[in-house]
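One structure is given here, and the rest of the page talks about it.
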Amino acid sequence: MDDIPQELLSRAAAGDRTAFKALYDASAGFVYAVALRVIHNRTDAEEVTQDVFIRIYRGLKDFEGRSSFKSWVYRVTMNTAFNYLRKESKFQKNRTEDDFAAVSQAVVPEAGGEIEAEDREKKVQVLLARLSPDLRACLVLREIQELSYREIADSLKCNINTVRTRLKRARESLIRHARKGVISNEV
Amino acid sequence: MKCEKVRDFLMSDFLDGELEGKQAEEVRVHLRDCKACRRFEEEVKAAAVIPLREAGPLNPPDSVWQKIEASIDGQTRKSWNLAGFPESVRGFFARIPVFVPKPVFGGLGVLGVVLIALLMTLPAGTRSERVRNYLGEQMLYLTGISSQQNGGETDGDWLGTPAELFLI
């Protein structure tokens, strides 16, 4: 997500709908992608995305710019996604093939073709489904959204050491699964 | 630097570009010399980095924005209607949040009905006597002013007009 010009933020805070739509266009992709990859359900991710932007709309007037708009969006997104998971008790590690198929339909087709893009997204979903939401969130923010440790810590309201530990645990888990896959193939 | 420490960094700071200076250089030197750790680095990238970095962008469907707009418009209708007022007035009131949840309207309605019912249960005589007394005092005052202005006499029987009859 690119930085948002202050002028656009001020106009959106004053109620300019066009400016708020521009904010939405600049950040909805990030919000939706994170929500979808953490929650693993397209309908729920759409709801979370709506909630996030309604919270942003209400909070824009009071957003004093102590942190960057980007950081604020990250925090609201992670907060909303985790609240949603806690409320709905959707800490599910085992998703069905239909869930993965539905999620991969949200992919934006690229030059390589729609099918390749959907296959890659399915692979991502299978990998992420193996992790708990805490580890999944850290890995998504780092590998897919390319946030720094500091930015991830701000988004998740934890310290940098926690980020570091969660990333390590997430990667260890994926390596273990990858090794099991190799062993099963050999057997 | 020992392999255990290097592999720790290969799954965290070094991999993510968060390791700098002397420590980063020590990891690079170790990797040049240690085949096992080089193999481990490749394994980490294959299992936990490359598949995720290949993930493409995702965009929400148009319906998400439509629902956001509908929700915002629903809130806007409940806000102050200050069209035509100067900007300074609109700006002042815009800072006051007006968000009345729907159940409050129902509650106010019920309260109004209860109050009217209570008033209706008051003895009719008591109610009309109080009203008559109050109106009488006001009419005396007003006719007094009028006679001073006109320099003439007033008709003491002020229960003559349809409005007065209606009120009493």
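Every value quoted in this text rests on a predicted model; they were computed, and no experiment measured them. Only heavy atoms go into these numbers, but all of them, side chains included; no hydrogens, no water, no symmetry mates. Here is how names work: the chains are called A, B, and so on, in the same order as the sequence lines, proteins then strands, and each is numbered from 1.
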For I144(A) and A55(B) the tightest heavy-atom approach is CD1-CB, 4.2 Å
For L19(B), the hydrophobic cluster (side chain heavy atoms closer than 4.5 Å, chained through members) also holds I175(A), M1(B), V6(B), F9(B), L10(B), M11(B), F14(B), L15(B), V27(B), L31(B), F40(B), V44(B), V49(B)
- Task: Decide side-chain contact (heavy atoms from CB on, under 4.5 Å) for S71(B) and I54(A); before the verdict, give the C-alpha distance in whole Å, the side-chain angles of both, and the deciding distance to 0.1 Å.
- Result: CA-CA 8 Å; S71(B) 179; I54(A) 289 167; 3.3 Å; yes
| message | Please check if the number of heavy atoms outside D33(B) that lie under 6.0 Å from its CG is greater than 12. | response | yes
Under 4.5 Å to a heavy atom of chain B? For R171(A) that would be both
Assert top hit (heavy-atom pairs under 4.5 Å, partner chain A, pool P51(B), G17(B), S63(B), P60(B)) equals P60(B)
- Do Y32(A) and N59(B) get their side chains close enough for a donor-acceptor pair, meaning under 3.5 Å? no
Interatomic distance, OH@Y24(A) vs CD@E69(B), rounded to 0.5 Å, equals 10.0 Å
Check this for me: R28(B), atom CZ, are more than 12 non-hydrogen atoms of other residues, nucleotides or ligands nearer than 6.0 Å? yes
When the 4.5 angstrom heavy-atom criterion is applied to Y149(A) and chain B, the contacting part is both
In this structure, CZ of R58(A) is separated from CD1 of I72(B) (nearest 0.5 Å) by 9.5 Å
Separation between CD (E143(A)) and CD (E54(B)), nearest 0.5 Å, reads 12.0 Å
Practice prompt. Could you tell me whether K123(A) atom NZ has more than 12 heavy atoms of other residues or ligands within 6.0 Å of it?
Written response: no
The reported gap from CD in E43(B) to CG in L174(A) (rounded to nearest 0.5 angstrom) is 11.5 Å
Handout entry: CA sep, side-chain torsions, deciding dist, call: K67(B), E46(A), salt bridge (Lys or Arg N to Asp or Glu O under 4.0 Å)
Key = CA-CA 10 Å; K67(B) 288 176 187 168; E46(A) 288 173 17; 5.0 Å; no
Worksheet item: What do the steps show when you test R37(A) against L58(B) for side-chain contact (heavy atoms from CB on, under 4.5 Å), and what is the final call?
Response: CA-CA 10 Å; R37(A) 285 166 178 149; L58(B) 296 173; 3.5 Å; yes
Does the side-chain contact (heavy atoms from CB on, under 4.5 Å) test come out yes or no for Y57(A) and I68(B), once each step is laid out? CA-CA 9 Å; Y57(A) 180 80; I68(B) 291 168; over 6 Å; no
Are more than 12 heavy atoms, taken from residues, nucleotides or ligands other than R169(A), located less than 6.0 Å from that residue's CZ atom?
no
- I would like to know whether E146(A) and R53(B) meet salt bridge (Lys or Arg N to Asp or Glu O under 4.0 Å); could you show each step before the answer? CA-CA 9 Å; E146(A) 296 179 358; R53(B) 290 194 185 168; 5.8 Å; no
Among residues 151-166 of chain A, residues within the sub-4.5 Å heavy-atom range of chain B, in order of number, are R164(A)
